[in-house]
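What follows is a short report on a single structure.
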Amino acid sequence: MASAVPIVDYLVLDGDPHLEANECTACGARYFDRRNACANPDCGGGDFRRVPVAPTGEVRAFTIVSHAAPGIPVPFVAAVIDCDGTSVRANVINVDPDPAHLSLGMKVRLATYPLGTDSAGTEAVGFGFEPISN
């Protein structure tokens with residue numbers, strides 16, 4: 001069986017796929033990439049712990065992208081998702097990129113998808129959020 005690698009280090013594929021954030025131990029601010037210090041101006045702490053991010057959330061803002069760099073298929077939906085207090089910037093996938101199919105407050109869940117496979121059979125895996133059917 002081929003192996004799979006996440007496209008970003010904060011996407012965890014073991015067990016149920018989920019995101020993990022670096023949480024400041026002093027103030028609780030969360031970041032997805034490595035930090036040397038907390039960006040909260042009232043904090044500046046330097047200690048972080050990895051914490052899981054809720055796999056479901058609500059769309060807080062979105063835009064339908066119709067122009068992108070060469071090779072990027074358009075249109076697609078870029079969004080900010082509130083996952084139980086953690087903001088995640090991600091694409092909304094498995095939905096028509098049309099305002100009739102999107103709304104603020106829409107309930108979504110984390111979903112992974114293959115991006116491609118290299119010559120050794122290793123699959124790159126990306127993530128987005130898909131609407132939760134009612």
Side-chain angles (χ1 to χ4, degrees):
M1 179 169 156
S3 62
V5 295
I7 192 70
V8 291
D9 68 353
Y10 51 87
L11 172 59
V12 179
L13 299 176
D14 298 335
D16 288 330
H18 64 280
L19 303 177
E20 285 187 343
N22 295 312
E23 182 179 74
C24 176
T25 59
C27 74
R30 290 184 172 185
Y31 306 95
F32 284 104
D33 289 318
R34 183 181 159 284
R35 305 295 282 190
N36 290 326
C38 183
N40 179 345
D42 296 325
C43 179
D47 292 320
F48 298 87
R49 65 178 163 248
R50 297 279 287 194
V51 295
V53 174
T56 59
E58 293 184 1
V59 173
R60 291 293 182 216
F62 71 89
T63 189
I64 298 170
V65 179
S66 58
H67 299 284
I72 307 279
V74 291
F76 65 89
V77 181
V80 176
I81 312 295
D82 177 0
C83 293
D84 198 23
T86 301
S87 289
V88 181
R89 288 161 188 80
N91 291 343
V92 178
I93 61 173
N94 301 327
V95 65
D96 288 332
D98 181 305
H101 300 281
L102 300 155
S103 64
L104 297 179
M106 173 190 280
K107 306 287 188 211
V108 292
R109 71 171 159 250
L110 182 73
T112 60
Y113 56 92
L115 294 169
T117 304
D118 69 12
S119 61
T122 302
E123 182 178 69
V125 178
F127 76 94
F129 284 82
E130 64 186 359
I132 296 173
S133 306
N134 291 337

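Just so you know, these numbers come straight off a predicted model, no measurement behind them.
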Exercise for the section: Count the heavy atoms of every other residue, nucleotide or ligand shown that sit under 6.0 Å from CG of Asp16, and state whether that count exceeds 12. Expected result: no

Exercise for the section: Consider only side-chain heavy atoms of I, L, V, M, F, W and Y, link residues closer than 4.5 Å, and tell whether Val88 and Tyr113 are in one cluster. Expected result: yes

Exercise for the section: Go through the steps for Val53 and Leu110 under the test side chain to side chain contact (heavy atoms under 4.5 Å, CB included), then give the verdict. Expected result: CA-CA 10 Å; Val53 174; Leu110 182 73; over 6 Å; no

Problem - Path from Ile7 to Val125 over hydrophobic side-chain contacts below 4.5 Å - result: yes

Problem - Atom pair CZ (Arg50) and CG (Asp9), whose distance is rounded to the nearest 0.5 Å - result: 5.5 Å

Practice task
Taking all heavy atoms of Gly44 and all of Ala37, pick out the closest pair and write down the distance.
Solution key: O-CB, 4.1 Å

Problem - Same cluster (ILVMFWY, side-chain, under 4.5 Å), Val95 and Ile93 - result: yes

Practice task
Starting from the C-alpha separation in whole Å, work towards a yes-or-no answer on side chain to side chain contact (heavy atoms under 4.5 Å, CB included) for Phe129 and Thr56.
Solution key: CA-CA 8 Å; Phe129 284 82; Thr56 59; over 6 Å; no

Fill in the blank from the handout: CD of Glu58 to CD1 of Ile132, rounded to nearest 0.5 Å, is 9.5 Å

Exercise for the section: Identify the two heavy atoms, one from Pro52 and one from His18, that lie closest to each other, and give their separation to 0.1 Å. Expected result: CB-CD2, 4.2 Å

Fill in the blank from the handout: Interatomic distance, CD1@Ile81 vs OG@Ser87, rounded to 0.5 Å, equals 9.5 Å

Handout entry: Straight-line distance of Glu23 CD to Arg35 CZ, nearest 0.5 Å
Key = 14.0 Å

Handout entry: Minimum heavy-atom distance Leu104-Arg60, with the two atoms named
Key = CD2-O, 3.4 Å

Exercise for the section: Look up atom CZ in Phe32 and atom CG in Leu11, then write down how far apart they are to the nearest 0.5 Å. Expected result: 10.5 Å

Completion exercise
Looking only at heavy atoms, the pair that brings Ser103 and Val59 closest together is O-CB, 3.8 Å

Practice task
Of all the heavy-atom pairs spanning Gly45 and Cys24, show the shortest one and how long it is.
Solution key: CA-SG, 4.4 Å

Problem - Polar side-chain atom of Asp118 near backbone of Ala120 as donor-acceptor pair, under 3.5 Å - result: yes

Practice task
Taking atom CZ of Arg49 as the centre, report whether more than 12 heavy atoms of other residues, nucleotides or ligands fall under 6.0 Å from it.
Solution key: yes

Handout entry: Hphob cluster co-occupancy, Leu19 + Val51, side-chain heavy atoms under 4.5 angstrom
Key = no

Handout entry: Test item: Tyr31 side-chain N/O and Phe48 main-chain N/O as donor-acceptor pair under 3.5 Å
Key = no

Problem - Under 3.5 Å: donor-acceptor pair, side chain of Thr25, backbone of Asp47 - result: yes

Exercise for the section: For side chain to side chain contact (heavy atoms under 4.5 Å, CB included), just list the numbers for Glu130 and Val92, CA-CA rounded to whole Å, side-chain angles, deciding distance to a tenth of an Å, and then say yes or no. Expected result: CA-CA 6 Å; Glu130 64 186 359; Val92 178; over 6 Å; no

Problem - Leu102 side, atom CG; Ile64 side, atom CD1 - distance, nearest 0.5 Å - result: 5.5 Å

Practice task
List the steps, then state whether side chain to side chain contact (heavy atoms under 4.5 Å, CB included) holds for Val108 with Met106.
Solution key: CA-CA 6 Å; Val108 292; Met106 173 190 280; 4.1 Å; yes

